[in-house]
Amino acid sequence: MEIEFVGAAREVTGSCHIVRAAGKTIVLDCGLFQGKRNESHEKNLQLPVPIDEIDAVVLSHAHIDHAGRLPFLIRHGYNGPIWCTPATRDLCAVMLADSAQIQEKDAEFLARRGKESIEPLYSLRHATRTIEIMMAVPYRRAFDVVPGVRAMFIDAGHILGSASVILDCTEQGQTRRLVFSGDIGRSGLPIIRDPEPPDGADVVIMESTYGNRLHESVEGARAHLASVIRETAAGGGRVLIPAFAVGRTQEIVYDLHALAGAGAIPPIPIYIDSPLAIDTTSVFEMHPDVFDHGEDLVRTVHELFRFELVHYTRAVEESKALAKLRGPMVIIAASGMAEAGRILHHLAQGASDPKNTVLIVGFQAEHTLGRRIVERRPTLRIFGDDVPLRARVEIINGYSAHADRQELGSWIDRVRERSPNLRQVWLVHGEPPAQDELATTLGAKGLKVTCPASRARFEF
Ligand SMILES: [Zn+2]
Ligand SMILES: [Zn+2]
């Protein structure tokens, strides 16, 4: 039996690992490489393994760095099963269609500018076909991926439907349990359940994104959100929140619902100005079975994402009309790093007003407008104009969907307590500094840890 690491090896994007067992080849995740355009496009064009060798695909969750290249496999002729949880399938329906559209738009944009053209990796019909061949299996139900490899999803507590994957691989009467952590979430995140550590592992593939960082607590994040809204509303300003349409927006709406119910924020209107966020919210509403029923709001409220103060604006005219409204309000719009989407219009119009607050609730990569806001640059370049940044800027780190250094450590501790035969941990999905620090920490616990490079292969 063999594992080969292809993507998210010494980096965070392009999650993809290949398991060869019982004479079959299984692909774990097939995510998009993201980052510098040309570099990542080159990587995205490489098939992880020849299509006719793939017997099955198992997908941990819907994030684009895990699922974003599945339609590329379809385009090249893959027609076998893609196993995932029901919520992952439904989120993928929204996200892969969006990804196909973004790629087509990017290609058009580059072509218009006369730059070197980049062909989209796939189109909408490949994304649609991907959803059709997905096989949805709920958590904790065992299924045969291929003969000789039995699998089960358990909750990774990262986003709706996210899973850690348990693979029991049997060859010549010997069974080995391979665990793929997927992305590991955090205890106490809104809506979704806490990560569930697997048991009986022989070998583990584990993410390490924040192997060298600590986050603000989840409770701290909610309190911080409330105080920013109270203060901005008191001054008559707007709170502008760039947020990823998938996951982060629903978490913020959920927390605002709880805060409004507790009287912790004033009754000002909250606009969710994003068609993708509206579609994603519908997917959330389809899967109440995977919500965390230990949370008060989940237990007591029927409509988690709909309450008096919240308004969803889908049409462009409704979005434009927000500019003319008066009085304090909250506007949540994509994109999460303020690189595109409707948030740009709200920033172009509102960033120069010192009464307003720009509230950052997600990671902001280098060279994005969101990062320049975090750095509190005096002017922002939006739609070709210089906009002075006079609004207050607030940053909340506590909404991260990834376990931090300490939470990763306690996840592996719990796996280990339940896995007397644990022999090997491979770290994936992390930049080298994060991985190296986590490897040292886990090594000190007596674990055998490796940070494989892309195309490294190991027997297990
Ligand atoms: Zn993820
Ligand atoms: Zn990821």
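Note that ligands are numbered from 1 as they come in the structure, with each ligand's atoms numbered from 1 the same way.
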Q: Of all N/O/S atoms in H63, which lies nearest to the Zn ion (ligand 1)?
A: ND1

Q: Between NE2 of H66 and OD2 of D183, what angle is found at the Zn ion (ligand 2), rounded to 10 degrees?
A: 90°

Q: Without swapping roles, check the side chain of D194 against the backbone of G188 for a donor-acceptor pair under 3.5 Å.
A: yes

Q: Does one side chain, of S187 or E407, offer a donor that lies under 3.5 Å from an acceptor on the other?
A: no

Q: State whether H402 contributes an N/O/S atom found under 2.8 Å from the Zn ion (ligand 1).
A: no

Q: Do the ring centers of H66 and H158 come within less than 6.0 Å of each other?
A: no

Q: Looking only at N, O or S atoms, find the one in D65 nearest to the Zn ion (ligand 2) and name it.
A: OD2

Q: Do any of the N/O/S atoms of H61, backbone or side chain, fall under 2.8 Å from the Zn ion (ligand 2)?
A: no

Q: At less than 2.8 Å, would any N/O/S atom of E207, backbone or side chain, sit next to the Zn ion (ligand 2)?
A: no

Q: Checking Y312 side chain against P275 main chain: does a donor-acceptor pair fall under 3.5 Å?
A: no

Q: In terms of ring plane angle, is the pair F458 and F5 parallel, tilted or perpendicular, where the classes change at 30° and 60°?
A: perpendicular

